[in-house]
Amino acid sequence: MADGEKNLAAPPKRKQEVPTYCLGKKRLLVKKHISHERRYNWTSRQAEPSENVFCDIRSLGYEEKRDLIANIKEAVAFVTTMIFLDGSSQLNSEQTLTSSVKGIVVLVKSRTDRLSSLSFSSTDSTWSAASQGDKFIYLETECSSLWEQGEQTHNKFARQVLFQILRCKVPVICFNAKDFLKTVLQVYGNGISWKQVADSIVLDPRIAAWLINSSDTVPSFECLLQYFEKSYSVETVNTDTGALRNSRHQNLVVNLQKLYTIMMGLAHDLQVQGLWKLFCTLELPLIKVLAVMETHKIHVDKQELKKTSEILGLRLKELEEEAHQIAGERFLLTSSSQLREVLFEKLKLHTLCEKIPRTERQQVASTSEVVLSKLQDLHPLPKLMLEYRQVRKMKSTYVDGLRTCMRKGFICPTWNQTGTVTGRLSSKHPNIQGISKHPVRITKKQYIKGKEEEILTISPRALFVSKKGYTFLAADFSQIELRILADLSAEPELLKLFQEPETTDIFTSLASQWKGIPSEQVKQTDREQAKRIVYSVVYGAGKERLAECLGITPHEAGHFIESFMQKYKKVHEFTKKTIGQCQNKGYVVSIMGRKRLLANINSQDYKLRTQAERQAVNFVVQGSAADLCKMAMVEIFTSVVVSPTLTARLIAQIHDELLFEVEDSQIQEFSALVKRTMESLQQTTALEVPLKVPLKVLLTTGKSWGCMTELQEM
DNA sequence: CGTAGAACCATGTGG
DNA sequence: TCCACATGGTTC
């Protein structure tokens with residue numbers, strides 16, 4: 001190693017016990033001492049003796065900096081965490097607020113360490129938790145005094161160190177790695193392309209744990225420790241010895257070492273369970289995609305938002321008054337129980353109608369949409385309520401809800417990679433995946449001019465607008481789940497439908513077939529209905545449920561299920577086969593090897609068992625679709641990264657749809673890339689069924705997510 | 001007595 | 001007795 005070492009003060013060495021871990025039956029001793037070699041100047045600015053653990057880069061001289069960079073280049077792994085202003089870190093806080101980041105701590109694992117279990121093909125299961133020569137670097141990210149010359153150079157060096165770490169092609173282990181990358185991009189990304197994080201290899205133990213058991217949410221590092229202790233029966237060793245007590249930084253050092261060990265253990269488990277490839281090629285690269293995505297702001301029309309909120313508020317007032325008049329009573333329209341009283345106890349509408357479905361838990365008469373739809377010919381109130389709820393949802397969730405997420409005319413949703421058991425993503429603040437497609441029509445009374453009425457439509461997606469000079473481009477896999485089902489079941493009738501080029505829309509075809517009308521006359525509602533039928537039947541809906549869903553009699557529904565099963569026999573065989581496999585193994589797998597454990601699959605309880613059966617079938621299809629969409633995200637991301645010209649940014653993923661913001665001049669080139677990449681996933685995943693990706697862009701007249709049209713073939 | 005929080009409901013997204 | 005979510009609201 002570096003020659004400059006001899007010039008520095010002699011390293012004071014301290015010994016420390018590290019927990020002894022067990023891996024399955026094999027016991028692995030990882031008793032080593034953590035080195036506190038004084039290679040660099042450990043003195044931090046706030047010269048508390050107990051904190052003299054980190055190499056604070058601000059205290060380094062020129063040669064020491066050079067040595068540090070050299071050291072980083074030789075490292076075999078990094079373990080890192082962010083420190084927040086309140087002194088907590090990513091390892092001891094549930095909530096990570098990026099605004100309050102104080103600094104970054106990096107444990108540099110040196111060459112002397114063995115990291116064989118990380119290599120892709122290796123079956124070596126030994127690892128060590130700590131070794132001599134490990135370094136701890138501390139980078140302060142908070143730049144309080146930008147004008148100071150010293151701060152500037154430190155920031156510059158910190159940036160150099162971080163990007164060196166990310167460029168190393170060596171694993172960077174971090175609990176909640178996405179937040180770490182995001183912070184790096186936000187703090188040091190100024191003037192530097194987001195493409196630079198793409199080279200990094202980040203490992204996140206949280207994601208590993210989630211892949212092993214997707215029901216475990218692992219909300220914090222502490223939970224991960226618990227999980228690890230359970231699975232490996234770790235002997236908990238008291239690390240709270242003597243001088244280390246009350247030292248948060250020392251605790252952090254121990255935790256970083258633990259994190260490293262845990263990650264190695266999880267890596268081993270992933271390999272054993274056949275999840276390693278999925279982890280490395282899909283979930284890990286996706287961290288970077290999501291980090292970059294979260295650093296991109298989405299513009300929303302603030303003025304328009306305010307205006308529509310007011311209009312909707314007025315309309316709600318009108319509807320409320322009207323409802324009170326019709327009901328002959330003042331009541332809270334938002335309360336389902338009060339509405340229940342009015343509808344069934346006062347007006348007694350249930351007596352004039354067929355049986356009213358009851359709510360699941362309390363077994364009281366439901367006031368749901370389907371019920372109100374049934375009642376709307378009997379009394380004006382139900383229809384009014386339907387409109388009221390529609391407008392209310394629009395205002396509270398989409399308009400006002402969006403406004404609370406907004407900062408200076410922008411929103412940035414948070415993406416959760418480990419939030420679902422099926423492998424899909426979820427988003428919040430706002431939940432951009434749940435924003436209504438359908439516009440709502442409201443009548444706006446013009447009081448000034450007298451009795452004139454104006455009908456206007458409000459579309460929540462239209463509130464999202466692209467930047468000047470940019471355009472939204474949406475690419476979605478059409479009927480992805482049905483295509484996957486066709487492939488997995490090898491149902492010839494279904495496969496044929498997809499392979500025939502003349503079928504433009506399978507649900508439209510199905511609807512026309514079902515209703516006995518030509519495809520041209522199939523309306524959007526018919527199509528939606530056909531879609532519901534297919535998925536309901538495939539995933540094992542009972543005839544009662546289907547009947548309720550479609551507003552037909554259970555007898556008719558039962559007949560339809562029968563004819564569906566008759567026509568697509570292989571689909572039924574597929575579901576039976578899947579359930580059988582699940583019964584044998586206790587889990588099911590998606591096309592990319594994603595797992596879902598289903599403990600109740602062999603339960604004595606009929607309800608629990610059949611639920612598990614449906615979950616099993618649903619997972620294989622939905623999970624596989626999630627795999628494909630994630631693959632598309634990663635592949636497109638890497639293509640853009642290696643391209644010297646392309647600048648397209650992913651805005652959102654709505655399960656089967658990817659929404660990009662593209663420079664106007666790059667639309668043709670980029671859209672071709674997207675289509676090619678997504679459709680070629682058929683080959684990479686060896687699918688029988690072709691994948692189709694119609695591209696939609698918005699018209700030049702209205703640059704919003706609301707009005708998209710199909711892109712002309714080139 | 002007011003309010004924090006869990007549970008429930010309704011509605012939206014996606015397939 | 002389709003699945004998976006998020007959100008906003010009421011009730012207890």
Side-chain angles (χ1 to χ4, degrees), chain A residues 214 331-340 358-372 385-386 388-402 404-405 413-416 419-438 440 460-461 476-485 506-507 528 531-549 554 557 561 575 596 598 605-626 628-629 652-657:
Chain A
S214 54
F331 70 103
L332 197 53
L333 299 211
T334 49
S335 164
S336 47
S337 64
Q338 289 188 27
L339 176 63
R340 189 150 37 233
R358 293 175 176 266
T359 57
E360 186 58 41
R361 312 263 175 184
Q362 285 180 214
Q363 290 295 308
V364 290
S366 169
T367 62
S368 67
E369 198 180 7
V370 282
V371 174
L372 293 178
M385 281 309 303
L386 284 170
Y388 181 84
R389 293 225 268 233
Q390 197 181 35
V391 177
R392 174 143 201 114
K393 175 87 181 180
M394 179 67 71
K395 178 166 155 60
S396 64
T397 305
Y398 302 129
V399 180
D400 295 345
L402 214 61
T404 63
C405 298
T414 306
W415 296 89
N416 191 351
T420 67
V421 292
T422 52
R424 303 215 304 196
L425 296 172
S426 69
S427 75
K428 62 179 181 183
H429 305 309
N431 173 15
I432 201 164
Q433 294 174 315
I435 287 167
S436 184
K437 241 187 201 174
H438 308 108
V440 63
R461 292 194 178 190
D476 68 294
F477 288 111
S478 69
Q479 302 102 28
I480 182 75
E481 289 197 4
L482 202 54
R483 285 172 196 266
I484 283 165
L485 182 75
I506 195 154
F507 293 117
E528 288 300 314
K531 190 168 149 182
R532 290 241 284 282
I533 291 163
V534 171
Y535 289 116
S536 299
V537 172
V538 169
Y539 299 128
K543 56 186 177 199
E544 289 82 9
R545 188 75 185 82
L546 183 61
E548 192 187 302
C549 194
I561 292 171
T575 62
R596 179 167 185 187
L598 287 160
D605 187 328
Y606 172 83
K607 199 171 172 177
L608 289 178
R609 188 178 66 249
T610 50
Q611 186 187 29
E613 287 171 359
R614 293 189 299 270
Q615 286 170 330
V617 176
N618 183 262
F619 172 82
V620 176
V621 181
Q622 197 182 101
S624 299
L628 278 179
C629 295
Q653 184 249 44
I654 304 100
H655 305 121
D656 71 320
E657 172 185 338

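- Within the 4.0 Å cut-off from OP1 or OP2 of C:dG9, at least one side-chain nitrogen or oxygen of A:R392 is found.
- Of the candidate nucleotides B:dG15, C:dT1, C:dT10, C:dT10 has the atom nearest to the side chain of A:T334.
- Atom-to-atom, CG of A:D605 to P of C:dT1 comes out at 11 Å; the value is rounded to the nearest Å.
- With rounding to whole Å, A:Q653 atom CD is found 16 Å from B:dT13 atom P.
- Using a 4.0 Å heavy-atom criterion, one finds that A:R461 contacts the sugar-phosphate atoms exclusively.
- The residue A:T610 sits apart from the nucleic acid: no heavy atom pair falls under 4.0 Å.
- A straight line from NE2 of A:H655 to P of B:dT13 spans 12 Å, rounded to a whole angstrom.
- Between the P atoms of C:dG8 and B:dC1, the separation comes to 32 Å (whole Å).
- Taking 3.5 Å as the limit, the base of B:dG14 and the side chain of A:R424 contain a donor-acceptor pair of atoms between them.
- Remark: A:K437 is in phosphate contact with B:dG14, judged by side-chain N or O atoms under 4.0 Å from OP1 or OP2.
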* Structure fact -> Contact string for nucleotides 2-11 of chain B, one letter per nucleotide 5' to 3', B = base within protein heavy-atom range under 4.0 Å, S = sugar-phosphate only, - = neither, reads ------SSSB
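- Counting non-hydrogen atoms under 4.0 angstrom, A:I435 reaches the backbone sugars and phosphates but no base.
- Contacts of A:K543 classified as salt bridge (charged side-chain N to carboxylate O under 4.0 Å, His left out), with partners at least two apart in sequence or in another chain: none.
- Between A:S335 and C:dT10, a side-chain N or O to OP1/OP2 separation shorter than 4.0 Å is absent.
- At a threshold of 4.0 angstrom between heavy atoms, the contacts of A:E544 with the nucleic acid are absent.
- Atom CZ in A:F619 sits about 14 Å away from atom C1' in B:dG15, given to the nearest Å.
- A:V534 comes within 4.0 angstrom of nothing in the nucleic acid, heavy atoms only.
- Partners of A:S335 by side-chain hydrogen bond (donor to acceptor under 3.5 Å, both in side chains), not counting sequence neighbours, listed by chain and number: A:S337.
- Within the nucleic acid shown, A:R596 comes within 4.0 Å of sugar-phosphate atoms alone, with no base atom in reach, counting heavy atoms only.
- Here C:dC12 presents its P atom at 13 Å from CG of A:L332, a figure rounded to the nearest Å.
- Contact annotation: A:S436 side-chain N/O to B:dT13 OP1/OP2 distance is under 4.0 Å.
- Heavy atoms of A:Q433 sit under 4.0 angstrom from primed sugar atoms or phosphate atoms, though from no base atom.
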Indicate every side-chain donor-acceptor pair of residues 610-619 of chain A with a distance under 3.5 Å to a residue at least two apart or in another chain.
{"residue": "A:T610", "atom": "OG1", "partner": "A:Y606", "partner atom": "O", "Å": "2.8"}
{"residue": "A:T610", "atom": "OG1", "partner": "A:K607", "partner atom": "O", "Å": "3.2"}
{"residue": "A:N618", "atom": "OD1", "partner": "A:Q622", "partner atom": "NE2", "Å": "3.4"}

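- Taking the side chain to side chain contact (heavy atoms under 4.5 Å, CB included) definition, one finds that A:V537 meets it with A:I533, A:L546, A:F560, A:I561, A:F564, A:M565, sequence neighbours left out.
- Interface residues of residues 425-432 of chain A facing DNA chain C, ordered by number: A:S426, A:S427, A:K428, A:H429, A:N431; criterion, heavy-atom separation under 4.0 Å.
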May I have the list of side-chain donor-acceptor pairs in residues 427-434 of chain A shorter than 3.5 Å, sequence neighbours left out?
{"residue": "A:S427", "atom": "OG", "partner": "A:N431", "partner atom": "OD1", "Å": "3.2"}
{"residue": "A:S427", "atom": "OG", "partner": "A:I432", "partner atom": "N", "Å": "3.0"}
{"residue": "A:N431", "atom": "OD1", "partner": "A:Q433", "partner atom": "N", "Å": "3.2"}
{"residue": "A:N431", "atom": "OD1", "partner": "A:G434", "partner atom": "N", "Å": "3.4"}
{"residue": "A:Q433", "atom": "OE1", "partner": "A:S427", "partner atom": "N", "Å": "3.4"}
{"residue": "A:Q433", "atom": "NE2", "partner": "A:Q653", "partner atom": "O", "Å": "3.0"}
{"residue": "A:Q433", "atom": "NE2", "partner": "A:Q653", "partner atom": "OE1", "Å": "3.2"}
{"residue": "A:Q433", "atom": "NE2", "partner": "A:H655", "partner atom": "NE2", "Å": "3.4"}

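- With both ends at atom P, the span from C:dG9 to B:dG2 equals 22 Å, rounded to whole Å.
- Side chain of A:Y398, nearest nucleotide from C:dT10, C:dT11, B:dG12: B:dG12.
- Looking at residues two or more places apart in sequence or on another chain, you find no salt bridge (charged side-chain N to carboxylate O under 4.0 Å, His left out) involving A:R596.
- Here salt bridge (Lys or Arg N to Asp or Glu O under 4.0 Å) pairs that include residues 392-402 of chain A, with residues two or more places apart or in two chains, are A:K395-A:D400.
- In this structure, A:Q611 places its CD atom 12 Å from C1' of C:dA4, rounding to the nearest Å.
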